[in-house]
Protein chains: 2
Amino acid sequence: MTRERTIANRPLTPRGAVTKQRIIEAAAELIYLHGAENVSLDTVMDVTNTSKSQLYHYFANKQALIRDVIDLQTSRILAANASFLGALDSFVALRAWGDMIIAAFRASSGIGGCPIGSLASELSTQSEEARLQLRQSFSDWSNVIENGLRRMRQIGQLDSDTDVAAVAVAMVAAVQGGIILAKTSRETRPLELAIDMALAYVKRHASVVVG
Amino acid sequence: MTRERTIANRPLTPRGAVTKQRIIEAAAELIYLHGAENVSLDTVMDVTNTSKSQLYHYFANKQALIRDVIDLQTSRILAANASFLGALDSFVALRAWGDMIIAAFRASSGIGGCPIGSLASELSTQSEEARLQLRQSFSDWSNVIENGLRRMRQIGQLDSDTDVAAVAVAMVAAVQGGIILAKTSRETRPLELAIDMALAYVKRHASVVVG
DNA sequence: TCTGCAATGGACTGTCCAGTCCATTGCATT
DNA sequence: AATGCAATGGACTGGACAGTCCATTGCAGA
């Protein structure tokens, strides 16, 4: 054991933890609105009333801050999805999940899109570390969906041979693609159409005709 | 009529036109690989063996260059799609279209994704002009698909009440979303799954069961 | 061959920005 | 009260980059 400490496990007082969290949340908001490359540390400083020393006290560099932002956004998305899919038991409930996604997009006024989707598009080719982190985010997300579908399969709503993993990935793709078109056109309709497609893709495996 | 000329209609000698085109194509390649914000004019100069004066001789500013790059990439995508969808008459032909998309992604080694999709994600919230241009690109693209589907409907392969416009938009969304997941994971499978979903969504409207 | 303009060369400026460095302040433990 | 370290302040550096400016070169028509 050396006396050295990495920035990651640097001792944090409660006061410090609050400041760090405040920085992460503000950075998440800024990056969501403008993209990681378009948010300077100076802007983060202004918005959070912090100094450069504080940023470099709590984060090794900008990339480390982005890493924490991705973690935060991923956990938010997983939480929102899990609350709709954690006990998925009907196509009506699945529709409610789709409506939640659409409502979330509407709430952003058609700006920003998906917090991790935008970052994936921006960073996947720039930073291998970010790419792997975002791959995990997508994987976690599709797993939440997959578990919901699996439950529907267990209770007999879906055919027993339904490839829930494959369908879940396709559903995430539909959401991501729909959001890109929606934010480019500033209309909700492309996202609605994409989600309709995703839900129809699930219904195709319905054990009984449900609508 | 004033003597003033905008940069857009500045007289171009054949020699100048060649240089301008060379710049646009090189910039398109660089932007495809690294994103618009991550390509500096100095890099474009290096790659094309041009000087700063030349860039500003042929383009009003960086944004104007990006505009021409989007035009180029859009025309390439439309051409590739039209060659598969221009005389669409069967689900087999539609499958060939999907395979072309997958092959194009593979050819990029899983890097870069869709030239206009990446730009849409990056620029839609940064530049209103770029956003509108990219919205038109997506619209043109889905129109090509829509016309293909309409033809299939006309020849009786699809139900007469099929909403070809809606299905076409959903298909574009599937492709875009599939590409994001594919480039983030550096695997082709998410794109394949998304395209399977899109094709299934079309087949749902098949007049006769085709498999 | 002369003239005018397109084409090209390349230095220079102003700004933005990530990261460094040297402080001072505040708090908790002894 | 003294000590040590976390927390904070803020000036400074070096580099990147879009855009400007003043040239020189090349070519085509008169």
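The chains referred to below are lettered A, B, ... by the order of the sequence lines, with proteins before strands, and numbering in each begins at 1.
- For the pair Thr19(A) and Ser53(B), both in contact range of DNA chain D, the more 5′-proximal nearest nucleotide belongs to Thr19(A).
- In this structure, Ser121(B) contributes its side chain and Ser118(B) its backbone to no donor-acceptor pair below 3.5 Å.
- Spacing between atom CZ of Arg15(A) and atom P of dC27(C) amounts to 6 Å, rounded to whole angstrom units.
- Take Glu37(A) and apply the salt bridge (charged side-chain N to carboxylate O under 4.0 Å, His left out) test, not counting sequence neighbours, and it matches no residue.
- The backbone N or O of Ala120(A) sits less than 3.5 Å from a side-chain atom of Ser124(A), completing a donor-acceptor pair.
- Between Phe138(A) and Trp141(A), the ring planes lie parallel to each other; the angle is under 30°, not in the 30° to 60° tilted range.
- Taking atom CE of residue Met45(A) and atom P of nucleotide dT8(D), one finds them 13 Å apart after rounding to whole Å.
- Counting to the nearest Å, the P atom of dC5(D) and the CG atom of Leu12(A) are 16 Å from each other.
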Each nucleotide N or O in nucleotides 13-19 of chain C that has a protein N or O under 3.5 Å away: list the pair and distance.
residue : atom : partner  : partner atom : Å
dA18(C) : OP1  : Lys62(A) : NZ           : 3.0
dA18(C) : OP2  : Leu41(A) : N            : 2.8
dA18(C) : N7   : Lys52(A) : NZ           : 3.0
dG19(C) : OP2  : Tyr56(A) : OH           : 2.9
dG19(C) : OP2  : Lys62(A) : N            : 3.0
dG19(C) : O5'  : Tyr56(A) : OH           : 3.4
dG19(C) : N7   : Lys52(A) : NZ           : 3.2
dG19(C) : O6   : Lys52(A) : NZ           : 3.3

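- Using a 4.0 Å cut-off between charged side-chain N and carboxylate O, Arg95(A) and Asp196(A) make a salt bridge.
- Phosphate proximity of dA7(C) to Gln54(B): absent, as no side-chain N or O sits under 4.0 Å from OP1 or OP2.
- Checking the phosphate oxygens (OP1, OP2) of dA7(D), a side-chain nitrogen or oxygen of Thr13(A) falls inside 4.0 Å.
- In this structure a side-chain-to-backbone donor-acceptor pair under 3.5 Å is missing from Thr50(A) to Asp46(A).
- When rounded to the nearest whole Å, the span between CG of Leu55(A) and C1' of dG9(D) equals 12 Å.
- Under a cutoff of 6.0 Å and an axis angle of 45°, Lys62(A) and Tyr56(A) do not form a cation-pi pair.
- For the pair Asn49(B) CG and dA7(C) P, the computed distance is 18 Å after rounding to whole Å.
- Of all nucleotides listed (dA7(C), dG10(D), dG9(C)), dA7(C) comes nearest to the side chain of Tyr58(B).
- With dA7(C), dG26(C), dG10(C) as the choices, the nucleotide that has an atom nearest any side-chain atom of His57(B) turns out to be dA7(C).
- Rounding to whole angstrom units, NZ of residue Lys20(A) and P of dA6(D) are separated by 14 Å.
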